[in-house]
Amino acid sequence: MKEELIRIEKGQFQFKGGEYEFDAFICKGECIGIYTDDHLSAGAAYLGIFNGSSVMKDGKVFSCGNRVRISELRRWIRQNCMIIDKHRFVTKELTAWDYVITLGSKWNKMPRGEIDHRLHSQESRMILERMGIKSGWEDKLYTLSMLDYYKLAVYRAWFTKSRIIVLDRITEILRGQDLGEFMDCAQFLQEQGTAIFLLDMDEDFIYQYANRVDIMKNRRICYRLYPEEYDERLYEILGWERRSGISERNHVISKENGNIILRVSDLQFEEMLPLSFKVRSGEIAFLRDENYNTVSRIRDCLLGEKGWQSGFFWLGGKYYESNELPKLLGKEIGIQTEMPDKKSGVLFDNLTALDNLTTCLLPKARMHFIRKNIVDNIFDKATTWFEREELLKPLSEWSLPERLRLSYYKWYLLNPHLLVCLFPFAGQEPSYHEMIIQMLVTCAQRGMGIWIISSGIDAICEKTENMDFLQRLKYLDE
């Protein structure tokens, strides 16, 4: 489940003498579109939640999953949100440094030493390069192009550790040919966990980038659309004629553009070419390894035995050093080996199947939950996959294909961000291949990113009739 940042239930707001009702929730790394029947009034009132002009009179507020007082909402937003809108600084005095450091300090007051360290860190240089920001810190703001100015605004959101970015009618500010480049910068922060609100009247733009569209009508949030409902449903709800024609290309992008789970950039291991790729939620990404070199380096890295030499690694939107990866195993990262019940595998041969499942799942439960209730719940869920009597037997009495299937089912229940599968088909009977393929698809359907490192699987792909697997499969070395 995604980390919740902010939630407002039945929020009653007052804005310029009018009353509005807003239900809002956003999680880490989400992009939410806001579409309204009247942007000048209701849209401005919604924006007022983030700039402080809308006053909340009643309702429930939750911050990071915890109920807080209404009075704390404004303070949380002031510390964690940044608005990017049409108000550009046109003074001839301000520099890029002033814009990022001085004007950004109201969101995040850092000591001067920390500011200098963060500004000149390797990660900061990489992000500036990734966003295509080439202006110097002493350059005057008025000399920057519109695109460069707003890219710098996104960088400032990263620098000040803003957790939510609000883009207000950005389509009315930037040229069409610049929007894609700007949103690439914004989505880069989204991949790192920053949430984005799109307040816009261009439905094509919202459909292309939003994970969800909240529709505002008659001064209240009246409906939520998800990608499979995009397009004509919006106009059915609003009772409008279609304003502009959404392209088929954008509609396809909105469905396929899942959250990026893993991004590696120029990851350099000894005696290997640098790795640069990304794996999305629900995707099955395949990296070819004919001689076990890649598997050996990745396994050593994940187990903390030897890290990479240089490069960048993001998981679930967060940047990690190689020595931090071992603590993520079994939680955010799963490793599926070709023989799950051998030494260093994912199953314990001397435990029952139920014990194997509860051993990994119990630590994720909160302390106030009763252990017996959790075990009973796991048992009930597992019986839809396996026989009740078998679940109570030691794994040593299970057949190999069922042990293999249980190993994937364990990851299905645990639901890590990333499941790394090391040569999953190697040494397996051809009759097991379809079962492995189906379990990979099952895990991907749960939202995991699946990263397969193996020798060629072309023959397996040619034989399978599992179209879901083939549609999700992406080759990383092509």
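No hydrogens, no waters, no symmetry mates; every other heavy atom, side chains included, goes into these values.
Geometrically, Arg118 engages Trp158 in a cation-pi contact defined by less than 6.0 Å to the ring centre and at most 45° from the axis. Taking the ring axis of Tyr99 as reference, the NZ or CZ atom of Arg156 stays within 45° of it and closer than 6.0 Å to the ring centre. Annotation: cation-pi geometry satisfied between Arg88 and Tyr149 (NZ/CZ under 6.0 angstrom from ring centroid, within 45° of ring axis). Within the cation-pi definition used here (under 6.0 Å to the ring centroid, within 45° of the axis), Arg212 qualifies as a partner of Phe25. Geometric assessment of Arg405 against the ring of Phe386 yields a positive cation-pi assignment under the 6.0 Å and 45° thresholds.
Side-chain contact between Thr442 and Tyr408 is absent, with no heavy-atom pair separated by less than 4.5 Å. Taking 4.5 Å as the limit, every side-chain heavy atom of Ser162 sits out of range of all side-chain heavy atoms of Thr194. Side-chain contact between Phe312 and Asp266 is absent, with no heavy-atom pair separated by less than 4.5 Å. At least one side-chain heavy atom of Phe379 sits less than 4.5 Å from a side-chain heavy atom of Thr383. Using a 4.5 Å heavy-atom cutoff, the side chains of Tyr20 and Ser41 are in contact. Residues Val154 and Ile84 are in side-chain contact: their nearest non-hydrogen atoms beyond the backbone lie under 4.5 Å apart. In this structure, Tyr409 and Leu357 have side chains that are in contact, with non-hydrogen atoms separated by less than 4.5 Å. Taking the side chain as every heavy atom from C-beta outward, Ile32 and Asp214 approach each other to under 4.5 Å.
There is a side-chain donor-acceptor pair under 3.5 Å between Gln445 and Asp468. Between the side chains of Asn66 and Ser63, no donor-acceptor pair of N or O atoms lies under 3.5 Å.
The local environment of CD in Glu129 is sparse, with at most 12 non-hydrogen atoms from other residues, nucleotides or ligands closer than 6.0 Å. The environment of Lys10 atom NZ is sparse: at most 12 non-hydrogen atoms of other residues, nucleotides or ligands sit within 6.0 angstrom.
Aromatic rings from Phe62 and Trp76 are positioned such that their centres are separated by 6.0 Å or more. Separation of the Tyr319 and Phe313 ring centroids does not fall under the 6.0 Å cut-off. Aromatic pair Phe277/Trp451: ring centres closer than 6.0 Å. Centroid-to-centroid, the aromatic rings of Phe22 and Phe13 come within less than 6.0 Å.
The pair Arg7-Glu9 meets the salt-bridge criterion, since a charged nitrogen lies less than 4.0 angstrom from a carboxylate oxygen. Between Arg219 and Glu21 there is no salt bridge, since none of the side-chain N atoms of the basic residue sits less than 4.0 Å from a carboxylate O of the acidic one.
Across Leu391 and Ala382, no two heavy atoms sit closer than the pair CD1-CB, 3.7 Å. The two atoms that bring Ala96 and Gly136 nearest to each other are CB-O, 3.7 Å, heavy atoms only.
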**Study point:** Derivation and outcome, salt bridge (Lys or Arg N to Asp or Glu O under 4.0 Å), residues Arg472 and Glu283
**Key:** CA-CA 5 Å; Arg472 293 174 184 271; Glu283 190 172 66; over 6 Å; no

Exercise for review: Report the C-alpha distance between Trp97 and Phe159 in whole Å, list the side-chain angles of each, state the deciding distance to 0.1 Å, and finish with yes or no for ring-ring contact (aromatic ring centres under 6.0 Å, His included).
Suggested key: CA-CA 12 Å; Trp97 168 276; Phe159 187 84; 8.3 Å; no

**Study point:** Residues Ser54, Tyr46; criterion side-chain hydrogen bond (donor to acceptor under 3.5 Å, both in side chains); working and verdict
**Key:** CA-CA 8 Å; Ser54 292; Tyr46 196 92; over 6 Å; no

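Taking CG of Leu73 as the start and CD1 of Ile49 as the end, the distance is 7.5 Å to the nearest 0.5 Å.
Every pair passing salt bridge (charged side-chain N to carboxylate O under 4.0 Å, His left out) that includes a residue from residues 176-188 is listed here, sequence neighbours excluded: Arg130-Asp184, Lys151-Glu181, Arg175-Asp178. The list of salt bridge (charged side-chain N to carboxylate O under 4.0 Å, His left out) pairs with a residue in residues 43-72, not counting sequence neighbours, reads Arg69-Glu72, Glu72-Arg75.
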